[in-house]
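So you know, we letter chains A, B, ... as the sequences are listed, proteins then strands, and number each from 1. Computed from heavy atoms alone, side chains included, the values below leave out hydrogens, waters and symmetry copies.
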Protein chains: 2
Amino acid sequence: MANLKDVAEYVGMSVSTVSRVLNDKAYVDPSTRRIVLAAVEELGYRPNALARSLKIGRTYTIALLIPDIQNLYLTMIVRGVEDAARQEGLTVILCNTDENTDIEAEYINVLRDRWVDGFVISSISKKSDSIRRLKNEGYPMVLTVRYYDYLSGIDTVAVDNFNAAYQAVKYLYELGHRQIGLVLGDIGLNVYKDRFAGYREALRDFDLPLNERIIIKNAVDGSEALIHDVEMMVNQPTDCPDAIFATSDLKAISVMHALHKNGKQIPEDISVMGFDDIPLSSLVHPTLTTMKQPLYEIGQLSVQKLISQIEAKATNGQHIHSIELLPTEIISRQSTRRRSERL
Amino acid sequence: MANLKDVAEYVGMSVSTVSRVLNDKAYVDPSTRRIVLAAVEELGYRPNALARSLKIGRTYTIALLIPDIQNLYLTMIVRGVEDAARQEGLTVILCNTDENTDIEAEYINVLRDRWVDGFVISSISKKSDSIRRLKNEGYPMVLTVRYYDYLSGIDTVAVDNFNAAYQAVKYLYELGHRQIGLVLGDIGLNVYKDRFAGYREALRDFDLPLNERIIIKNAVDGSEALIHDVEMMVNQPTDCPDAIFATSDLKAISVMHALHKNGKQIPEDISVMGFDDIPLSSLVHPTLTTMKQPLYEIGQLSVQKLISQIEAKATNGQHIHSIELLPTEIISRQSTRRRSERL
DNA sequence: TTGAAAGCGCTAACAT
DNA sequence: ATGTTAGCGCTTTCAA
């Protein structure tokens, strides 16, 4: 591969001149410029990004760490991040941590060594050491969707999960449901902890008892165990829920699967409500009522915050720390319905 | 951030010594080694991967280009690629081309400039210029799942789509179906072209007529148009299929959605069969019979081929070009059933 | 066993 | 308007 020096020799000029036309920073004579560009074309010259980055201290690359690409809700964030990044001339490196702290740490180390300009992270439950270190080094980073406590001091873009869950339960309550079951994800994650709190608060406000027998905790998307748990729950002689609020659409789909398997009609026997609004939600049977998160927008905004940090760092300017909570929205579909008669 | 020189000064040795202990290539005195490692620890030294790569000409990074992460079947490949890569000490850069040639070209350029060691590509229909150029430069690369014609000379890992489609149709035929509809993806892709050919060949062998009225071409996963087309197809007075073979599970899910919407029972009225075996297939209602592709294994094998190329290039050794077609397998579930009576 | 120094390819300050 | 040169942080040959 041709390098700058090759091009310079080819046209009989110095490397700095060639560099100048390529970066068009300083002024160069139009005719010189033409000659150089022709040579660049001719030799098929491509700049070496490694050398350039080493010199200027920036890579124009950001890393996006996500827990699991299989999770459809994340793909929408990825799109938001990629689109926003591309628009700003940044390349996105996508990394799948598989919900594993070691893998996460490894990616963070490797990418920091490679000088990515910043990180957008959707992480594991606890604030890991690698993330803490990153933060302490002042490395640009933003947390997306999943977050730590508000005191972490890390820029965050997410939704108000407490309120979203509260509104979901309220919605089911107003439909006439009084036995509202809950399918919760890993409560080690603040996301689920907050949704749980919102659920409890709603029950309290509507004078509904908190019934542990219609609550499934630590459900894993798509797992056999989850299906089993749901079957157990709906086959209880007493305490069978008349509605189930699943804290992700994928969990809701498993719930529906379990209900079908046990001859329960949705929504006639039991209403089901999800969370996220993944594209699949409007395709399953029956279509799924859900609490929509503006995932694409979350991705975009995350990048904007990150860029703001990167710029601030580069210019020694100011960046205002913030936690942004975007609005959620109920999408009504077929899996929920008004309950007229009382059981 | 501390660099090699800092460490060297800290312990009063030369950078080369420090470098040596860090790479443990050459022999260094055990006591020296200990001192250096302590200093490294103390200063929190992290090597600069950019500088290192610039020097040695390798980045230990490979790029994985996929058309669309939303496509669930791809996530399994991603996993296969990542796992295999990690095992070999390589980092994977995941890029989403969004089925867009320009984005694909841009990623290829950016990553080549950044000296990734090789590419695993699941690409767009036509062989793009950027890929051709990559190939001509002798850049290590392998095509995965999607492929060009066998003459392209590029290593490929996929399945025998012709045969897989043939077997799927045969399966439906043996179940007693005689009006087997087809939902095909973009026929610009060899994958679908081959599946179409397999379908036709099977019809011919079983003396079934090729009926364009029960074939939907260029279906887009999850699109409204697809649902509409399926509705049209099954509401035809004559020519209503008694089975539908969808060339991806996602398409099959749309098909099921359309059938539900039109009051058709699955599999009582119409059997539905998919392709891929994404995790969701066993969760939808009814669960989906499908032609399974060994996606995880395809991902793993792709990396192995790529590494073989990278090694060959580094050592001027031999790499044997190959096209690997992994076996597919029918997974029987609830969406298909034996048709006893004739219509 | 360790050190000095060249050089990977580029940018930018300084010089002309 | 263009050339010279130092240096980003590392590896590696050559010398000692």
Exercise. Under a 4.5 Å cut-off applied to non-hydrogen side-chain atoms, are A/S122 and A/L65 in contact?
Worked result: no
Exercise. Is the distance from OP1 or OP2 of D/dT2 to the nearest side-chain N or O of A/S14 less than 4.0 Å?
Worked result: no
Exercise. Which nucleotide in the set D/dC10, C/dA4, C/dG9 lies at the smallest distance from any side-chain heavy atom of A/A51?
Worked result: C/dG9
Exercise. Looking at B/T17, does any N or O in its side chain come under 4.0 Å of the phosphate oxygens OP1/OP2 on C/dG3?
Worked result: yes
Problem set entry | Integer-rounded Å distance: C/dC8 C1' and A/L50 CG | 10 Å
Exercise. Can you tell me how far P of D/dG9 sits from CG of B/D6, to the nearest Å?
Worked result: 8 Å
Problem set entry | Residue pair A/Y148 / A/T156, side-chain donor-acceptor N/O under 3.5 Å | no
Exercise. Could you give the CH2-to-C1' distance, from B/W115 to D/dC10, as a whole number of Å?
Worked result: 13 Å
Exercise. Taking CZ from B/R114 and P from C/dG9, how many angstroms apart are they, rounded to a whole number?
Worked result: 17 Å
Problem set entry | Length of the line joining B/M1:CE and D/dG9:P, which is rounded to integer Å | 10 Å
Exercise. Side chains of B/R114 and A/T61: donor-acceptor distance under 3.5 Å anywhere?
Worked result: yes
Exercise. Can the positive tip of B/K313 be found less than 6.0 Å from the middle of the six-membered ring of B/Y139, inside 45° of the ring normal?
Worked result: yes
Seminar exercise, completed: Rounded to whole Å, CG of A/N23 lies from P of D/dA1 at a distance of 18 Å
For this session: Specify the separation, in whole Å, of atom OH of A/Y60 and atom P of C/dC10.
Result: 16 Å
Problem set entry | Between C/dA12 (C1') and A/Y27 (OH): distance, integer Å | 20 Å
Exercise. Does A/N48 put a side-chain nitrogen or oxygen below 4.0 Å from OP1 or OP2 of C/dC8?
Worked result: no
Exercise. Looking across every strand, which nucleic acid part, if any, lies under 4.0 Å from A/L4 by heavy atom: base, sugar-phosphate, or nothing?
Worked result: base
Problem set entry | Candidate nucleotides D/dA1, D/dT11, C/dT11, ranked by approach to the side chain of B/S19 - the nearest | D/dT11
Exercise. Of all the nucleotides listed (D/dT2, C/dC10, D/dT11), which has the minimum atom distance to the side chain of B/V15?
Worked result: D/dT11
Exercise. Does B/L74 reach the side chain of B/I69, with side-chain heavy atoms less than 4.5 Å apart?
Worked result: no
Problem set entry | Proximity to the side chain of B/K55 - top-ranked nucleotide from C/dT11, D/dT11, C/dG9 | D/dT11
Exercise. Using a cut-off of less than 4.0 Å, is there contact between a side-chain N or O of B/N3 and OP1 or OP2 of D/dC8?
Worked result: no
Seminar exercise, completed: A/M13 and A/T17 have their tightest heavy-atom pair at SD-CG2, 4.0 Å
Exercise. Mapping B/L54 and B/D29 onto DNA chain C by nearest heavy atom, which one lands closer to the 5' end?
Worked result: B/D29
For this session: Indicate whether OP1 or OP2 belonging to C/dT2 is found under 4.0 Å from a side-chain N or O atom of B/S16.
Result: no
Exercise. Quick one: is D/dT2 close enough that its OP1 or OP2 comes under 4.0 Å of any side-chain N or O from A/T32?
Worked result: yes
For this session: Tell whether B/R20 reaches the base of C/dG3 with its side chain through a donor-acceptor pair below 3.5 angstrom.
Result: yes
